[in-house]
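Note that this is a predicted model, so its numbers are computed, not measured.
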Amino acid sequence: MQSLPLTRALALGVILATACVPAQSAQAAPAAFPKKAGKLAIASCPETAISSGGIPRTREYLQAVVKCLDKSWGTYVKRTRWTFRKPVVLYFEEPRSSVCGVPWPEHAAAFYCTERRTMVFPLTGRWIEDRTDLYPFKVVAHEYGHHLQSLAGVRRAYEARVRSERERQDELKRRYELQADCLAGVFLGSVWGSLDRTARDWETLVDATQGSGDDGDEYRSHGKGATRVYWLKRGYRALSPAACDTWSAPAAKVS
């Protein structure tokens, strides 16, 4: 399935199931990942096989990545002022009519239910079945980035800003999504040494990320391909969540 073109609907990898959240100061978002908390520690997270002997092992694959994310980010959060809680994780063989109290987002590869702090992963579909690249790994890390944003208060600050600055809601959504891309890059960088991957695998992921941009779309919620690559690479190189401050970045960096 790796040779199939990544349509925008697939490559976005995330559609949020949102709910009203109490307002909080918009200024809380940039400060949520303080520099003094340092970098995400280098850790080991070897991948498991997505399939074995022709039998899908997608659940096992995803569970292994989530376990690594829980451990790495749990350690990081101890150095911040916010409280760590593991996300709830739901796995489905096929999309349902609804999940987390909302309709299943159309064409979603995976998504995060904000109010219930739940990550939802279909175990089938082009985003994961028979893939040999790192795209599923990155999708999980991106969704976990949304969980971190909820724990840190970024989501509440984002909602408050959207309500007060409706004319900028598309730009604010891009800032929110690009921060999750950056946090995914931080995690990828922290475990890269334990992955049985090459520089070519990294370039393949970069190409997939480039293809996931919403260039030319009327509703631009996630950022152009080049912009998504920029934030993924920024997190990967910095290993620091503080480098993922999309909220104070110039507009050109979140286009």
Non-hydrogen side-chain atoms of Tyr144 and Pro87 separated by less than 4.5 Å: yes

Are any of the side-chain heavy atoms of Val120 and Trp104 separated by less than 4.5 Å? yes

Does some side-chain heavy atom of Leu69 sit less than 4.5 Å from a side-chain heavy atom of Val140? yes

Trp202: partners by ring pair (Phe, Tyr, Trp, His ring centres under 6.0 Å), with sequence neighbours left out: Trp192, Tyr236

May I ask you to check whether Ser212 and Arg228 show a side-chain donor-acceptor distance below 3.5 Å? yes

Are any of the side-chain nitrogens in Glu203 or Arg200 under 4.0 Å away from the carboxylate oxygens of its partner? no

Enter the distance from Glu177:CD to Gln179:CD here, rounded to the nearest 0.5 Å. 10.5 Å

Any heavy-atom pair between the side chains of Lys78 and Phe84 that's under 4.5 Å? no

Looking just at side-chain N and O atoms, do Thr204 and Asp207 make a donor-acceptor pair shorter than 3.5 Å? no

For residues Glu47 and Leu195, determine if any side-chain heavy atom of one lies less than 4.5 Å from a side-chain heavy atom of the other. yes

Would you call the rings of Tyr176 and Tyr158 parallel, tilted or perpendicular if under 30° counts as parallel and over 60° as perpendicular? parallel

We want to know whether Tyr230 and Asp181 form a side-chain donor-acceptor pair, criterion being a heavy-atom distance below 3.5 angstrom. no

Side-chain contact test, heavy atoms from C-beta onward, threshold under 4.5 Å: evaluate it for Val154 versus Leu148 and give yes or no. no

Would you kindly confirm whether Val229 and Val254 end up in one hydrophobic cluster when ILVMFWY residues are joined by side chain heavy atoms under 4.5 Å apart? no

Are the side chains of Arg117 and His147 in contact, using a 4.5 Å heavy-atom criterion? yes

According to the interplanar angle, ranging from 0 to 90°, do the rings of Phe121 and Trp127 count as parallel (below 30°), tilted (30 to 60°) or perpendicular (above 60°)? parallel

Indicate yes or no: does Asp214 engage Arg220 in a salt bridge with an N to O separation below 4.0 Å. yes

For the atom pair SG (Cys244) and CG (Leu178), what is the distance rounded to the nearest 0.5 Å? 10.5 Å

Would Val66 and Asp70 count as a side-chain contact (heavy atoms from CB on, under 4.5 Å) here? Give the steps. CA-CA 6 Å; Val66 170; Asp70 283 339; 3.9 Å; yes

More than 12 heavy atoms from other groups under 6.0 Å of CZ on Arg168: yes

Scan side-chain atoms only and decide if His146 and Gln149 contain a donor-acceptor pair under the 3.5 Å cut-off. yes

Write down the atom of Pro136, the atom of Ile50, and the distance for their closest heavy-atom approach. CG-CD1, 4.1 Å

Which word best sums up how the rings of Phe137 and Phe187 line up, parallel for under 30°, tilted for 30 to 60°, or perpendicular for over 60°? parallel

Tell me, do Thr246 and Trp231 make a side-chain contact under 4.5 Å, heavy atoms counted? yes

Can any side-chain N or O of Gln210 pair as donor or acceptor with the backbone N or O of Val206 at less than 3.5 Å? no

Look only at the side chain of Arg79 and the backbone of Lys39, and say whether a donor-acceptor pair between them is shorter than 3.5 Å. yes

Option from Leu183, Leu239, Leu205 for which side-chain contact (heavy atoms from CB on, under 4.5 Å) with Leu188 holds: Leu205

What's the spacing between Glu93 CD and Leu123 CG if we round to 0.5 Å? 5.0 Å

Linking I/L/V/M/F/W/Y whenever their side-chain heavy atoms sit closer than 4.5 Å, directly or via other members, would Trp73 and Ile42 fall into one cluster? no

What's the separation between atom CD in Glu115 and atom CZ in Arg155, rounded to the nearest 0.5 Å? 11.0 Å

What's the spacing between Arg161 CZ and Arg166 CZ if we round to 0.5 Å? 14.5 Å

To the closest 0.5 Å, what do you measure between CG (Asp215) and NE2 (His222)? 13.0 Å

